[in-house]
Structure formats: C-alpha cells, structure tokens
Protein chains: 2
Amino acid sequence: MLPLTDLRTKAMFASRAAVLKAMAHPSRLFILDRLSQREHCVQELTELIGADISTVSKHLAVLRNAGIVSDDKRGQQVWYSLRVPCVLRFFDCVETVLQGRG
Amino acid sequence: MLPLTDLRTKAMFASRAAVLKAMAHPSRLFILDRLSQREHCVQELTELIGADISTVSKHLAVLRNAGIVSDDKRGQQVWYSLRVPCVLRFFDCVETVLQGRG
DNA sequence: TCGATTCTTGGCGATATAGCCAAACGATGC
DNA sequence: GCATCGTTTGGCTATATCGCCAAGAATCGA
C-alpha cells in the first residue's frame with residue numbers, strides 16, 4: 001500500500017534487506033548450513049571454509065549482528081549456533097529460483 | 001558434509017548466495033512486495049519508489065537476471081511480474097529474525 | 001517523418017564489501 | 001609473570017554496488 005517514499009515503510013524494507021544481505025555470501029550460507037547440524041567453533045568453520053580465520057570471524061560477526069546466529073564463549077573457544085532455524089527454509093525456494101533459470 | 005574448498009560445493013553456495021544477493025536491497029524487496037499483488041510496469045514502480053527511473057530499471061534487471069521476476073514488453077511499456085512466488089515466504093522468517101533482535 | 005513516451009545502457013563518483021596480514025585481546029597453563 | 005592458544009579487530013588494497021545524469025533504442029501518435 002504505502003510507497004517506499006514513506007519513511008516508516010522505507011525503514012522496514014531496509015531492515016529486511018539487511019537480514020538478507022547478511023546471508024547473501026557463499027561462506028555465510030555455508031556456515032548456516034553447517035550450524036543447522038550442530039554448533040561449531042570458529043576454528044572448525046575455518047578449516048571447512050579454507051579461508052583466513054580473520055575472514056571467517058568477520059563473516060560470523062556479520063551473521064551475529066544480523067541476529068541470525070548466537071555465540072557462546074566457553075573457555076578459549078567461541079561456539080556459534082543457529083538462532084533462527086527458519087532461515088534454512090530459504091534454501092528450498094532458492095533452489096526453485098535456480099532451476100527456473102535452467 | 002563437503003567442505004567449501006570442494007569446487008562443486010563452492011559453486012552451489014555461490015549460486016544460492018547470488019539469488020539472495022539479488023533480493024538483498026530495500027528497493028528490490030519493495031518491488032517483490034508490489035509484484036506479489038499484481039504485475040507492474042517500470043513507470044509505476046518508479047513512482048512508488050521515488051528514485052530515478054534508470055535506477056529502478058537496473059534494480060529490475062538484477063531481479064530478472066536472478067530469475068526471480070519476468071518481463072513482458074507490451075507496447076511501450078515493460079510489465080514485470082513475480083516468477084517465483086515462494087520468495088515471499090522469506091518475509092515471515094526475516095521478521096522473526098528482526099524480532100529476535102528487538 | 002517528427003516528437004513524445006517508455007525503458008535500457010553507459011559512465012561517473014561515492015560508498016561498501018571481501019580478503020589477507022599483523023596486532024591486540026582474553027583465557028589457560030606452566 | 002610469561003608463553004600459548006583461539007578469536008577479534010585494525011588496516012590495507014582490490015573489487016563491487018548504488019545512485020544520478022546523459023545518451024541510446026524502441027514504440028506510438030500526429
């Protein structure tokens with residue numbers, strides 16, 4: 001109903017876009033996929049991704065700031081887990097989009 | 001199972017991320033929301049969004065290239081419609097993420 | 001054919017993102 | 001205290017994105 005020139009509407013769509021933006025990276029999608037199975041520490045994810053640990057840490061910060069994952073520091077390790085499992089439902093639809101493109 | 005260092009796995013997550021990336025912008029989410037009601041031409045969307053028409057046209061190109069919307073040129077106008085309605089289910093989950101951050 | 005309308009494309013500057021290395025931080029163990 | 005391990009942060013360069021303006025392409029009416 002309301003146009004995007006409406007400030008409240010604009011803010012709402014900006015918030016939504018921020019969540020999707022946080023997910024819109026191969027490594028971060030991969031992280032969510034792993035976390036759907038069990039919690040992981042940064043080290044584990046770094047090995048699976050094959051990038052510098054500082055890079056992985058920053059990806060995790062993006063997901064955490066978006067509210068998608070939660071972190072739990074136990075000893076020297078920080079364990080990350082999926083906070084909002086419904087994001088996994090995205091995958092089904094995304095596959096639909098990809099197949100529709102042939 | 002497979003790490004992201006595996007090339008096929010990497011390509012798969014890159015494709016998925018590309019779809020989310022195409023959606024991850026306030027104006028583009030707004031466009032999807034409008035198209036969920038009915039098809040729109042570029043002009044209509046431009047008025048609702050309040051940006052330059054060239055900007056809106058480029059946003060539509062992003063959605064089209066991602067396979068999310070389809071275009072139909074009739075006369076001088078190009079009508080856009082939602083090709084993969086399941087993307088709308090994203091909104092529910094995104095709201096869940098946002099509320100979890102409250 | 002001419003002009004008007006609709007949309008797309010090219011190009012530009014400003015801003016944001018991704019990756020690495022290096023340094024800092026916090027917890028653990030000697 | 002000091003070294004070590006796991007993680008985060010700062011800084012840097014390279015690359016990508018966003019928005020506008022201007023120009024091009026396509027369609028229609030006069």
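On a predicted model such as this, the values are computed, not experimentally measured, just so you know. Naming convention: chains lettered A, B, ... in sequence-line order (proteins, then strands); numbering from 1 in each chain.
For the pair A:W79/A:E44, a side-chain contact is recorded, criterion being any heavy-atom separation below 4.5 Å from C-beta on. Residues A:V94 and B:F90 are in side-chain contact: their nearest non-hydrogen atoms beyond the backbone lie under 4.5 Å apart.
Checked against salt bridge (charged side-chain N to carboxylate O under 4.0 Å, His left out), A:D71 has the following partners two or more places apart in sequence or in another chain: A:R64. Not a single disulfide (SG to SG under 2.5 Å) links B:C41 to another residue, sequence neighbours left out.
Among all heavy-atom pairs drawn from A:G50 and B:T5, the shortest one is CA-CG2, 3.9 Å. When all heavy atoms are compared, the tightest approach of B:V69 to B:L82 is CG1-CD1, 4.4 Å. Taking all atoms of both residues into account, the shortest heavy-atom contact from A:P3 to B:L48 is CB-O, 3.3 Å.
Checking the phosphate oxygens (OP1, OP2) of D:dT8, a side-chain nitrogen or oxygen of A:Y80 falls inside 4.0 Å. OP1 or OP2 of D:dG6 sits under 4.0 Å from a side-chain N or O of A:Q43.
Protein atom CD of A:Q76 is 6 Å distant from nucleotide atom P of D:dG6, rounded to whole Å. Straight-line distance from the NZ atom of A:K73 to the P atom of D:dT8: 8 Å, rounded to whole Å. Protein atom CG of B:D71 is 16 Å distant from nucleotide atom C1' of D:dT27, rounded to whole Å. Taking atom CG of residue B:N65 and atom P of nucleotide D:dA16, one finds them 16 Å apart after rounding to whole Å. Going from atom CD of A:Q77 over to atom P of D:dT8 covers 11 Å, rounded to whole Å. As a whole-Å value, the separation of A:L45 CG from D:dT8 C1' is 15 Å. The CH2-C1' distance, from A:W79 to C:dA27, rounds to 16 Å in whole Å. Distance A:L60 CG to D:dG6 C1': 13 Å, rounded to the nearest Å.
No donor-acceptor pair closer than 3.5 Å links the side chain of A:R8 to the backbone N or O of A:L2. No donor-acceptor pair under 3.5 Å is formed between the side chain of B:D33 and the backbone N or O of B:L29. The main-chain N or O of B:A11 is found under 3.5 Å from a side-chain atom of B:S15 such that the two form a donor-acceptor pair.
Using a 4.0 Å cut-off on heavy atoms, the residues of residues 20-32 of chain B that approach DNA chain D are B:K21, B:H25, B:R28, listed by number. Within residues 49-59 of chain B, the residues having any heavy atom closer than 4.0 Å to DNA chain D are, in order of number, B:A51, B:D52, B:S54, B:T55, B:K58, B:H59. Less than 4.0 Å separates DNA chain C from no heavy atom of any residue of residues 3-13 of chain A.
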Mind listing the side-chain donor-acceptor pairs of residues 16-27 of chain B below 3.5 Å, one per line with the distance, residues two or more places apart or on another chain?
unit_1: B:R16; atom_1: NE; unit_2: A:E95; atom_2: OE2; d: 2.8
unit_1: B:R16; atom_1: NH2; unit_2: A:E95; atom_2: OE2; d: 3.4
unit_1: B:H25; atom_1: ND1; unit_2: B:S27; atom_2: N; d: 3.0

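Taking every side-chain heavy atom of B:V78 into account, C:dT8 is the closest of C:dT8, C:dA27, C:dT6.
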